[in-house]
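Chain naming here is simple, since letters A, B, ... match the order of the sequence lines and numbering starts at 1 in each.
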Amino acid sequence: MDDAPPLLEARGLVKVYPGVRALDGADFSLREGEVHALMGENGAGKSTLIKALTGAVPPDSGEVRLMGRVVRPRTPVEGQTLGISTVYQEVNLAPNLSLAENLLLGRQPRRFGLIDRRAVHRRAEELMARLGVRADVGRPLGSLPIAVQQMAAIARALDLDARVFILDEPTSSLDADETARLFGVVRGLAARGIGVVFITHFIGQVYDLCARVTVMRNGRVVAVRDAAGLPRLELVALMLGVSIDEARAIEGTHARANSSADPTLRSRGLRRGRVGPIDLDLRRGAALGLAGLLGSGRTETARMIAGADRPEGGRVEIDGRGVRPGSPRRAIAAGIALCPEDRKSDAIVPGLSVRENIALAVQARRAWWRPIGRRGQRGIAERFVRSLRIATPSVEKPAGELSGGNQQKVVLARWLAAEPRVLLLDEPTRGIDVGAKAEIERLVGDLCARGVAMLFISSEVEEVVRVCERVLVLRDGRVAGELSGGGVTVESVMRLIAGEGGSA
Amino acid sequence: MRDAARASLRAFGRAAPAAAAVGLLLAFNAAFTPGFFDLTTVEGRLAGSTVDVLNRGAVVVLLALGMAIVIATGGVDLSVGAVMAIAGATAATLAARHGVNAWSAIAAAVAVGAAAGSFNGALVAGAGVQPIVATLVLMVAGRGAAQLLTGGQIVTFNDPVLNFLDAGFIAGAPMPVLIAAAALALSLLLTRGTALGLFIEAAGDNERAARLAGVRVRAVKAAAYVLCGAAAAVAGLLAASDIRAADANNAGLYLELDAILAAVLGGTALRGGRFSLFGAALGALFIQGLTTTLYLHDVSPNATLVVKAAAVLAVCLAASERVRAWIKHRSRP
């Protein structure tokens, strides 16, 4: 069976964006009738690989073979014509057209030169029935559940004689029943000899559905394995780029844990969407690590606490007093500050100067008619530019022109200037260079020493273990376990992430 | 201190295209328009082409100041022309038909303008309606409201105080110029003398970040529309005073477009963020200066619009980063 040429094969794909090698010589192969998981953390190169395969982003070098023949799709439509179809998480069909029209767009059956609506509907119902789905094909697609929309996208691709299906995080907005139904459809596709590439962040689903797993990291494929022979822990280790032996060796260096003190911040039963209930305590002078894979609910938890998103239930208390939810302003007044994960869209005001960016939160807490003034702003900004070593020729430089690491420091400075009691750091070291990373880790220690209660979120388990004396692990939106003191090791955190074994 | 210099240079940089355009226009007039810079005093009142530009430009200056603030929040206010009509109608009907004291009538007109602005603000910031659509409502309905006030007629008045707004002089300077200058000073004080300007720019540049930093984004946006409405009301009073009547159909017609143009020429980006009130005022004066210059050169009114459009196009192209980069690239050997 291994002798048969793979259905789809990619060799040595390279795609370079300014400053990043998104694909760095990636190989990939997909067999006929196989469901193949593509795994990796954010920025590993999964989506670029997919785009290279479908023609959305032609690679700089390397080749793609479909059934042994070299193909070079230059657009997704060309890819589709060749038989490579993608179903995205957000379905990209026309939401205001009916389901039937979407399925048969451009190929509607005609009668006397006019579109035969009845035939369109009949044909659409047939197509959906092939997938075992019954839906009102006359309704606008946008009014149907996401699950049905995905089925429609699959049905359309199937009708276009797709041989390869790429499903990009199809289950992230589906409930359990819908997921099960989708899996049924996917197995049916595989049984017909169609190859399916399945991208997900849910490790459990990989084992439920997929025969083989390809793991990517930093634009390269780091492993191709049979799912059956790959323990969960090892899969997590591969994704995160830690060897298991190494994981055993790295241990937390923190012994002190003043768990006796009353927590500064307490959340109980916090939930929103698929995340929750989350209970956590942040103590004065200590950093709680929040670990988990992408989509496990880390960011959502921090945003709910900071008032950025309104929780559907649960409460947040500071020193035992409730903080009314859903308003960053009220959270800030209570002493809670959030350095968000996506600093570009949620934190940096690119056109304003470094000075104004740093002074913004302090000024926002004062009344608008009591300005800090340019000199006051400069005083604050220059203090933090010095202490955080922000590399900028002048505090008047627009913040958007700084490098990522320096932008991150500007955001940190904004909150340090506001002197919060609780600081939530969501991926503060993502996308910044090693030196800046070490400085930020050191800063976390300094802040703890000054009595700030911190929440530290990072995808790098080693970093969480290095920085935090207590770690809360999330999995699929729930608390998978809590570790503290000597129990905080990379291995124990990864076991919780992988869903192996209980809490320490 | 070098930082301070750099900061003011950046602030000036935003207004640079408008300043350069005004400079070119002045240079052209110095060369080709005899007597353009002549100033005379007639009965203790300043007169001359430059005074005329300032005087006639005052209305668009007022509108452009408010417009720049609204655009900085990432919005736009299409209703300023209609608000001018409402304000003029309010003052005229109160003074001429109901015998209300002129000062009270003026106060009422400005209050009505601010109320119109808060209506826009509520739609945009409260209900989340797209600014173009939200202010289009008042742009269309506002003229209807003004006509209801005037009963569909042109309401004339002859009140010494109301007449004085446009035709009066203080210390030799025409009132519209003084009013526009006062509005510029007041709006600078209100935005740059407080933290409001910072909040407006933060909200317009990155709304999510501003909200997460604790800025009351909705209140700031609403405040911008209120200021814009009040400024438009003052402009409406000037326009009514000019013809000593409230003309609900024609007062301020199409001036929202001049105001947007002036704000953009003045260095306020349409996507929101940084704004320059000096730039907006200069932009407005450029538009008026061009009109006056063409008039002085006996260009027919039909051709005037074409020349105006060409000049505006040239300024916008000169301000475009891409065009500048292209010219730099081409001029290299």
Side-chain angles (χ1 to χ4, degrees), chain A residues 303 306-309 327-333 336-340 342-378 381-382 392-400 411 414-415 418 420, chain B residues 1-14 69 71-74 186 188-224 226-227 267-276 321:
Chain A
R303 287 181 62 89
D309 293 326
S327 152
R329 215 180 143 71
R330 281 197 296 266
I332 292 165
I336 303 171
L338 166 69
C339 287
D342 189 343
R343 65 179 164 256
K344 212 175 206 162
S345 79
D346 289 355
I348 280 290
V349 186
L352 294 189
S353 63
V354 170
R355 161 176 61 83
E356 288 162 313
N357 266 283
I358 292 179
L360 188 59
V362 178
Q363 178 64 68
R365 221 164 43 173
R366 293 161 67 109
W368 65 271
W369 61 86
R370 290 176 53 226
I372 304 172
R374 180 167 288 195
R375 194 175 300 171
Q377 289 179 357
R378 186 172 303 127
E382 280 171 353
T392 173
S394 144
V395 292
E396 299 303 336
K397 196 175 169 78
V411 176
R414 173 189 296 165
W415 291 116
Chain B
M1 276 306 93
R2 271 181 48 214
D3 272 358
R6 208 170 281 156
S8 30
L9 207 67
R10 268 185 202 282
F12 179 75
R14 280 189 289 284
I69 291 174
I71 289 177
T73 66
L186 191 68
L188 277 173
L189 191 72
L190 207 56
T191 54
R192 301 304 184 189
T194 71
L196 195 57
L198 175 67
F199 292 166
I200 287 170
E201 291 182 332
D205 197 357
N206 187 343
E207 181 173 343
R208 289 159 61 100
R211 174 172 172 263
L212 284 177
V215 175
R216 279 197 189 98
V217 172
R218 289 177 175 197
V220 165
K221 283 190 172 184
V226 173
L227 287 176
T268 303
L270 271 175
R271 72 186 120 76
R274 291 290 199 186
F275 66 94
S276 165
E321 298 277 338

Nearest non-hydrogen partners of B:Gly193 and A:Pro371, listed with the distance: O-CG, 3.2 Å

Region of A:Ala347 in contact with chain B, defined by heavy-atom distances below 4.5 Å: backbone

Nearest-0.5 Å distance, CD of residue A:Gln363 to OG1 of residue B:Thr194: 8.0 Å

Most contacts with chain B, counted as non-hydrogen pairs under 4.5 angstrom, among A:Asp346, A:Ile332, A:Val411: A:Asp346

Options A:Ala308, A:Ala361, A:Ala306, ranked by heavy-atom pairs under 4.5 Å with chain B, top entry: A:Ala308

B:Arg218 atom CZ: more than 12 heavy-atom contacts under 6.0 Å: no

Shortest non-hydrogen contact from A:Lys344 toward B:Asn206: O-ND2, 3.2 Å

Partner chain B: residue of A:Pro328, A:Gly307, A:Gly373 with the largest heavy-atom pair count (under 4.5 Å): A:Pro328

Choice from B:Leu196, B:Leu198, B:Val220, B:Leu190 maximising heavy atom contacts with chain A below 4.5 Å: B:Leu198

Interchain contact, A:Arg303 with chain B, by part (heavy-atom threshold 4.5 Å): side chain

Heavy-atom proximity to chain B below 4.5 Å, by part of A:Arg414: side chain

Structural part of A:Ile372 lying under 4.5 Å from a heavy atom of chain B: neither

Under 4.5 Å from any heavy atom of chain A - which part of B:Arg274: side chain

Under 4.5 Å from any heavy atom of chain A - which part of B:Arg216: both

